[in-house]
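Index from 1, following the sequence. What you are looking at is a predicted structure, and each value in this text was computed from that prediction instead of being measured.
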Amino acid sequence: MVKNKIVTLCFLAALFTQIALGGSASLIQNDAERLIRTSIEAMGGETKLRELKSIQFDGIGHNFAIEQSERPEGPWIVTYSQTSETRDLVNGRLRIVNQNKNFQSPAWSGLNTVVADGAAAWERGGQYFPQSPNQVQITKQGFALSPERILLTALEAKDLRLASDTQMQSVRQRVVKFTWDKVPVTIFLNADTNLPTAVETLEFSHYEHFYGIWGDFPVRTYYTFWNLEAGGLRYPHQWDTEKIGMTLASFTITKIKINPPVSDDQFSIPEDVKQKFAAQPLTKIEDLPLGLPTSPAKELVPGVVKLPGRWDVAFVKQNDGVVIIEAPISSGYSAKVLDEAKRRFPDSKVKAVITTSDAWPHFGGVREYAARGIPIYALDVNRPILERVLNAPHTFQPDLLQTRPRKPNFKFVSGKTVLGSGPNMLEIYPIRTETGERMLMVYFPAHKLLYGSDLIQKRRDGSFFMPEYLSEVMQAVAREKIVVDNIFAFHSDILPWSEITSAVDKVISGK
């Protein structure tokens, strides 16, 4: 009996020593590996997963424009899709035939995607165009973390480990974590069925205009509607995706083929398109050049300069400093804007920035102004979305606010707000209309000039996008009893006010 106690104590001492020396990592990895293998069996077994050479499926779905709908809390603008996708798992090749429709495009239309041999291209009607340079990496990650590969990818991870159980969908979930190509990955496994409930990655998009502003953002895909396929494989037929905790998309498979034959012709990209793809610079959003070479800055009235770009900004010279209208794209872009303000007005400090909308492209660079202590004028109801972006961690690619945290100097606008004095004194007004609910307009009384945020968008054919927008600007102008001769906006050069009123009259008359 005493001998048994001695043996037990020796075993425990050895175990504690192993833990103290870090030896517990292998035990934890073994537990995680056993759990992953149990999940593999629930899907049909390792042999069936490794025998997968190709998958082809058709499906329907929808995506939400969470980055620029009427309000951040939703409901969001919807785009509907119908898709046929072929995956060559052996060679990492992808072909997607996709069609979309939404309120702007009522008829089905779309571009097909082909990724093969280190290149990615759009295809429509036999014509090919190079895709974004980072599409190959996006496809590689999509394959590695797909339903058919995620468990095998986890097995190969050197840092596979268990995490604490959690509740999801009212069911206990076993949790495993690992890293794939520097991307942290979490798999939630249903404790009753052992099938994957969801897969989450923590990412930073260096190249996306919309999501890059959120720094290290979570992407979670839920897998449901599991189905037993020919040959014994179980596969989820519905995928629902969240980004930054917001519902982004839902996709349902309507038809699936396991190991269908594939041919080189399905993934063919013309050589000249491959060369054009390879020649493209891989530009991070932080490194986008200021403005557009083809559209130089323009002084609208003395001391008010509009700088066109992918998203525009404006400089307003006042007696005691410079006001910047809009903080788009990224912290890096805002830094370039501030450098340009210093170059144009070397004897004036930047006294304020005005962000006029809750659409992500409008405020994507607001973190730079916060980090520099520059007052930020914004609409009162946009406070939650702005505070959220300022609090977002940026550890993958730290910006100034990440390395030097600072409390933002917000000036929230609830009604008419006067900023500055002299000929370029300006007045800020909430628009507070249906589609302009989350927008501000900026008025220059001395010039009878109005800035209309996102509500003035003139097409190349001379018509305007969303005449409702124009009518709401007119409503706000009438409500505030201001006199406007000319108007400019985020996506618009200066226009006579009469052009706006005439466009609205034309819509009302049905001409």
Side-chain angles (χ1 to χ4, degrees), residues 34-64 78-90 92-100 113 139 141-155 166-176 185-201 219-243 247-262 266:
R34 281 194 291 270
L35 184 56
I36 289 294
R37 291 192 181 279
T38 301
S39 186
I40 287 173
E41 289 303 313
M43 282 192 66
E46 185 171 350
T47 300
K48 288 184 174 59
L49 286 178
R50 293 197 182 278
E51 286 178 348
L52 282 174
K53 307 300 181 185
S54 61
I55 288 182
Q56 192 280 323
F57 52 78
D58 299 338
I60 54 175
H62 61 265
N63 289 67
F64 293 119
V78 187
T79 293
Y80 300 94
S81 63
Q82 52 187 22
T83 301
S84 180
E85 181 169 331
T86 303
R87 299 177 181 178
D88 175 2
L89 302 174
V90 175
R93 300 184 296 185
L94 174 69
R95 181 176 181 84
I96 301 175
V97 178
N98 187 61
Q99 292 204 327
N100 302 306
T113 292
T139 300
Q141 179 174 326
F143 273 39
L145 306 183
S146 65
E148 64 270 17
R149 284 288 183 262
I150 180 68
L151 299 177
L152 298 179
T153 301
L155 278 184
T166 190
Q167 288 284 120
M168 182 184 293
Q169 301 172 347
S170 300
V171 175
R172 184 169 68 95
Q173 305 288 329
R174 308 298 308 279
V175 181
V176 294
V185 182
T186 303
I187 307 177
F188 300 89
L189 300 168
N190 186 303
D192 296 322
T193 69
N194 296 313
L195 291 171
T197 298
V199 174
E200 181 174 288
T201 54
V219 180
R220 180 180 291 184
T221 299
Y222 296 91
Y223 295 123
T224 54
F225 195 21
W226 287 82
N227 192 56
L228 183 63
E229 311 297 341
L233 178 71
R234 285 190 174 88
Y235 199 81
H237 280 224
Q238 182 164 322
W239 312 346
D240 292 270
T241 303
E242 296 176 347
K243 280 193 176 183
T247 301
L248 175 68
S250 183
F251 178 75
T252 300
I253 294 174
T254 56
K255 182 180 179 182
I256 189 168
K257 294 180 181 178
I258 304 298
N259 285 329
V262 296
Q266 292 175 272

**Q** Could you tell me if the side chain of Thr83 sits less than 4.5 Å from the side chain of Asp58, heavy atoms only?
**A** no
**Q** Within this structure, what is the CE-NZ distance for the pair Met43 and Lys48, rounded to the nearest 0.5 Å?
**A** 12.0 Å
**Q** Within the 4.5 Å heavy-atom criterion, are Thr241 and Phe251 side-chain neighbours or not?
**A** no
**Q** With side chains defined as the heavy atoms from C-beta onward, is the minimum distance between Trp226 and Pro196 less than 4.5 Å?
**A** yes
**Q** For Asn190, is there any backbone N or O sitting under 3.5 Å from a side-chain donor or acceptor partner on Gln173?
**A** yes
**Q** Measuring from Phe143:CZ to Arg93:CZ, what's the distance to the nearest 0.5 Å?
**A** 10.0 Å
**Q** Scan Thr224, Thr252, Leu248 and name whichever one has a side-chain contact (heavy atoms from CB on, under 4.5 Å) with Asp240.
**A** Thr224
**Q** Which atoms form the tightest heavy-atom contact between Phe64 and Thr247, and what is the distance?
**A** CD1-O, 3.6 Å
**Q** Could you check whether any side-chain heavy atom of Thr197 comes within less than 4.5 Å of a side-chain heavy atom of Tyr223, counting everything from C-beta outward?
**A** no
**Q** Are a donor atom and an acceptor atom from the side chains of Glu148 and Ser146 found within less than 3.5 Å of each other?
**A** yes
**Q** Just wondering, do Arg87 and Gln56 contact through their side chains at under 4.5 Å, heavy atoms?
**A** no
**Q** Could you give me the CA-CA distance, side-chain angles and deciding distance for Leu52 and Leu233, then say whether side chain to side chain contact (heavy atoms under 4.5 Å, CB included) is met?
**A** CA-CA 10 Å; Leu52 282 174; Leu233 178 71; 4.0 Å; yes
**Q** Does the side chain of Thr38 reach to within under 4.5 Å of the side chain of Leu189, using non-hydrogen atoms?
**A** no
**Q** If I take atom OG1 from residue Thr86 and atom CD1 from residue Ile55, how far apart are they, to the nearest 0.5 angstrom?
**A** 10.5 Å
**Q** Take Gln167 and Arg172 through the side chain to side chain contact (heavy atoms under 4.5 Å, CB included) test and state the conclusion after the steps.
**A** CA-CA 5 Å; Gln167 288 284 120; Arg172 184 169 68 95; 3.6 Å; yes
**Q** Kindly give the heavy-atom pair with the smallest separation between Ser81 and Asn98, and that separation in Å.
**A** CB-OD1, 3.9 Å
**Q** So how far is it from Tyr222 OH to Glu242 CD, rounded to the nearest 0.5 Å?
**A** 4.0 Å
**Q** If you apply the rule side chain to side chain contact (heavy atoms under 4.5 Å, CB included), what do you find for Val185 with Ile150, and how did you get there?
**A** CA-CA 10 Å; Val185 182; Ile150 180 68; 4.2 Å; yes
**Q** So Tyr235 and Ile258, do their side chains get closer than 4.5 Å, heavy atoms only?
**A** no
**Q** Please find the pair of heavy atoms, one from Val78 and one from His62, that lie closest to each other, and give the distance.
**A** CG1-CB, 3.8 Å
**Q** Could you tell me how the ring of Trp239 sits relative to the ring of Phe57: parallel (under 30°), tilted (30 to 60°) or perpendicular (over 60°)?
**A** perpendicular
**Q** Show the nearest heavy-atom pair for residues Gln238 and Ser250, with the distance to one decimal.
**A** NE2-OG, 3.9 Å
**Q** Can you find a pair of side-chain heavy atoms, one from Leu155 and one from Ile40, that are under 4.5 Å apart?
**A** yes
**Q** Please report the closest heavy-atom contact between Val175 and Thr166, naming both atoms and the distance.
**A** CG2-CG2, 3.8 Å
**Q** Can you see which heavy atom on Asn63 is nearest to which on Ala249, and at what distance?
**A** ND2-CB, 3.6 Å
**Q** Take atom CZ in Arg149; do more than 12 heavy atoms of anything else shown fall under 6.0 Å from it?
**A** yes
**Q** The criterion is salt bridge (charged side-chain N to carboxylate O under 4.0 Å, His left out); which residues satisfy it with Glu46, sequence neighbours excluded?
**A** Arg37, Arg50
**Q** Measuring from atom OG1 of Thr201 to atom CD1 of Ile187, what distance do you get when rounded to the nearest 0.5 angstrom?
**A** 11.5 Å
**Q** Among Val90, Val262, Leu89, which residue satisfies the side-chain contact (heavy atoms from CB on, under 4.5 Å) criterion with Lys53?
**A** Val90
**Q** Listed by chain and number, what are the ring-ring contact (aromatic ring centres under 6.0 Å, His included) partners of Phe225, not counting sequence neighbours?
**A** His237
**Q** Roughly how far, to the nearest 0.5 Å, is OG of Ser39 from CG of Leu195?
**A** 6.0 Å
**Q** Looking at residues at least two apart in the chain, or sitting in another chain, which of them share a salt bridge (charged side-chain N to carboxylate O under 4.0 Å, His left out) with Glu200?
**A** Arg220
**Q** Strictly by modelled atom types, are Ser54 and Asp88 linked by a side-chain donor-acceptor pair under 3.5 Å?
**A** no
